[in-house]
Structure formats: C-alpha cells, structure tokens
> 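Could you have a look at this structure, given as structure tokens, before my questions?
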There are 2 protein chains.
Amino acid sequence: MSATHTRVPSLVEHQLPQPVPQAELAACPVNEVFRRVGDKWSMLVVILLGKRSYRYNELHRAVEGISQRMLTRTLRGLETDGLVSRTVHPTVPPSVEYDLTPLGRSLLEPLSALADWAVKHEPHLAAARES
Amino acid sequence: MSATHTRVPSLVEHQLPQPVPQAELAACPVNEVFRRVGDKWSMLVVILLGKRSYRYNELHRAVEGISQRMLTRTLRGLETDGLVSRTVHPTVPPSVEYDLTPLGRSLLEPLSALADWAVKHEPHLAAARES
DNA sequence: CGGCATCCCCACAGATACTG
DNA sequence: CAGTATCTGTGGGGATGCCG
C-alpha cells in the first residue's frame, strides 16, 4: 500500500532481493578491472604481449594508431597494476622490453575467451545496430 | 569511430600494399565489444539482467549510483546492439521489462569468466598499485 | 631509442528539471 | 512509472615538441 515499496507480484513470486544485491558486490571488482583494461588500448596491448615480448617502438608500430603518449600511459597503467613488466636493457641505444607478468598472463585467458566471443558475435552487434 | 584500424583509404587506393597485422584484426572486434560493454554501467546491467528480468526503476534502484539518463542510455545502447530486449506492457501505469537476448546471454558466459578473474585478482591489482 | 611535457578538443558522464 | 531535455564539467585521447 505504501508507494515506497512497490511489489511486483506477477514478475517475482518469491522474495525480492535486497536493494544492494550481491551482484553489485561481485560486479564491482569487475567494474574496476574493466575500467582498467577496458580503455581504448590496454587490452590490445595485453593481447599483443600475450604472444611475445615487445619493445616500445615495436608496440608503437604494431598497434598503429596509438600515440606515443597513449602507449606510454597504457604501459605505465598496466605496469602499476602488475599486469606488465618493464625491463630496461642498459645498452646504447637503450632498449626497453615489455612482457606480461604471470598476473597479466592469467588475465589473458578470460580475456581471450571474451575475444573469441567478440570475433564470433561482433557481426551480430553490427547487424543489430543497423536496425 | 574505431581509430584502431582506420585506414581512411583514399578513393583511388585499390589494395593495401601492406597487410594489416593479424593481431590487430583479431583484437579489433574485441576492442569494439569492450568499447560497447566496457563503459561504466553496461556490464553491470548485463550481469544483473543475467539473473532475472528487471523493470526500469528496479534497475535504477539496483545499480544505485546511476542516473536516469545514464541508465536509459546504457539500456538503449545494449538494446540497439541486440544484447537486451525491451518489452513495454501497455498497462497503466506503464511497465517496461528488460531482458537479456540470447545474444546477450551468450555474452554473459565469457563476461562472467572475466568477472571471476576480476573477483579473484582484483586485490592483486590494488596491491600492485600501492607500490 | 624510448620516452616526458604541454596544449587543446570534444565526447561523454552526471546532476537537475520536466513530461506522457 | 518510465522516461526526455538541457546544461555543464571532467578527462580521455590526439598532436606536437623536446630530452637523456
């Protein structure tokens, strides 16, 4: 009777979940991860580094479209999150090698699962977007 | 606009002299999907709708922090990509039901794989960010 | 070679108010 | 209940230039 707590009897026969369901608790770290790796370039770099190690300019050429600024920012971000390791070889000229850490490599697995889904279903998304 | 492999081919350019690296071809749809579902709210909504169907204000309360504008935009985006279905029940007051489409439900699987990873490893990210 | 510093822009998140 | 309309700020991201 009170308008503050509207029941929807037909849709939900049993108990309505609490206002803050565990889904949010479960989804919140996901959100964190997505915010971290879901930007324009990060997972692109992660996937590349999943194949082999890259040097800075190698990545710059491989991604092709990324600016130096964004590549650096992306790598630094992944590095501070422990997903990517940065190894400086004190040669001349300097050489910097980027690798996936074990943590980064573990991310690669669910990421490639999503990648497979994307490759498989992205046409559907594009098709659905037409209509 | 996907700047990732935007070639901006000039009209006279008939063939690509250099093949685009396959890593980019493989990663590009992933990027599309991430750009679509990797925003602040989309996958939160997808995960919620993976449990059951929701009505508009139910979602508004469940997400709790999202504005009406953002919820609407998120739902519209997911809808136009064929991930979410919107069913209007012509009652009074109006009632709108949101569900995952089969396509959306198929996304749920790799998404929850990533979600599991996130729940498991997000502490590591946070810990790594300290140092 | 492998960056960092700076300037700038615009797309998009968020709040607020109003409507069928 | 389920949205639209409008305004505004923030920051992601590109371009350019310089440096160890």
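The structure presented is a predicted model; accordingly, all values stated were derived computationally and were not measured.
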> Working to the nearest 0.5 angstrom, can you tell me the gap between A:Gln68 CD and A:Asn57 CG?
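The distance works out to 7.0 Å.
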> Please determine, for the side chain of A:Thr72, which listed nucleotide (D:dC1, C:dG3, D:dG14) has the closest atom?
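The listed nucleotide nearest to A:Thr72's side chain is C:dG3.
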> Between P on D:dC1 and CZ on B:Arg61, what's the gap in Å once rounded to a whole number?
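The answer, rounded to whole Å, is 6 Å.
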> Of the candidate nucleotides C:dG20, C:dG14, D:dG3, which contains the atom at the shortest distance from the side chain of B:Tyr56?
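The answer is D:dG3.
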> Between D:dG12, C:dG3, D:dG3, which one does the side chain of A:Arg73 approach most closely?
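Nearest to the side-chain atoms of A:Arg73, counting from C-beta on, is D:dG12.
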> In this structure, how many angstroms lie between the C1' atom of C:dG2 and the CD1 atom of A:Ile66, rounded?
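Answer to the nearest Å: 14 Å.
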> What nucleotide, of D:dG3, D:dC1, C:dC1, holds the atom closest to the side chain of B:Val96?
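For B:Val96, the side-chain atoms sit closest to D:dG3.
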> Whole angstrom is fine here: how far is it from CG in B:Leu71 over to P in C:dC12?
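Nearest whole value for this atom pair: 18 Å.
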> Over all strands shown, is A:Ser95 touching base, sugar-phosphate only, or nothing at heavy-atom distances under 4.0 angstrom?
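Sugar-phosphate only.
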> Rounded to the nearest 0.5 Å, what's the gap from OG1 on A:Thr74 to CG on A:Leu44? Could you check?
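Rounded to the nearest 0.5 Å, the OG1-CG separation comes out at 9.5 Å.
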> Classify the nucleic acid contact of A:Arg86 as base, sugar-phosphate or nothing, counting any heavy atom under 4.0 Å across all strands shown.
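Sugar-phosphate, backbone atoms only, no base.
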> Looking only at side-chain N and O atoms, does B:Tyr54 come under 4.0 Å of OP1 or OP2 in D:dA2?
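Indeed not, no polar side-chain atom of B:Tyr54 lies that close.
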> Tell me: NZ of A:Lys40 to P of D:dG11, nearest whole Å?
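These atoms are roughly 19 Å apart.
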> Would you verify whether the NZ or CZ of B:Arg52 falls within 45 degrees of the ring axis of B:Tyr54 while also being under 6.0 Å from that six-membered ring's centre?
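Pair B:Arg52/B:Tyr54 counts as cation-pi.
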> Check the angle between the aromatic planes of B:Tyr56 and B:His60 and answer parallel, tilted or perpendicular using the 30° and 60° thresholds.
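B:Tyr56 vs B:His60 ring planes: tilted.
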> Can you work out whether B:Asn57 or A:Asp39 has the more 5'-proximal nearest nucleotide on DNA chain D?
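Looking at the nearest nucleotide for each, B:Asn57 comes out on the 5' side.
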> Please give, in whole Å, the distance from C:dC12 C1' to B:Arg36 CZ?
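Taking CZ of B:Arg36 and C1' of C:dC12, I get 13 Å after rounding.
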> Kindly point out which of D:dG13, C:dA13, C:dA15 is positioned nearest to the side chain of B:Ser67?
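For B:Ser67, the side-chain atoms sit closest to C:dA15.
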> Report the distance from atom OH of A:Tyr98 to atom C1' of C:dG2, rounded to the nearest whole Å.
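Distance check: A:Tyr98 OH to C:dG2 C1' gives 7 Å.
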> Report the relative orientation of the aromatic rings in A:Phe34 and B:Phe34; use parallel for angles under 30°, tilted for 30 to 60°, perpendicular for over 60°.
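Plane angle under 30°, so parallel.
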> Calculate the interatomic distance between A:Gln68 atom CD and C:dT6 atom P; express it in whole Å.
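For the pair A:Gln68 CD and C:dT6 P, the rounded distance is 16 Å.
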> Write down the distance between CZ (A:Arg69) and C1' (D:dC18), rounded to a whole number of angstrom.
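My rounded result for the distance is 16 Å.
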> Does A:Trp41 place a side-chain N or O at less than 4.0 Å from the phosphate oxygens OP1/OP2 of D:dG14?
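The answer is yes; a side-chain N or O of A:Trp41 sits under 4.0 Å from OP1 or OP2.
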> Quick one: which of D:dG3, C:dG20, D:dG14 gets closest to the side chain of B:Arg76?
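For B:Arg76, the side-chain atoms sit closest to D:dG3.
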> What nucleotide, of D:dG3, D:dG14, C:dC1, holds the atom closest to the side chain of A:Met70?
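Taking heavy atoms from C-beta onward, the closest nucleotide is D:dG14.
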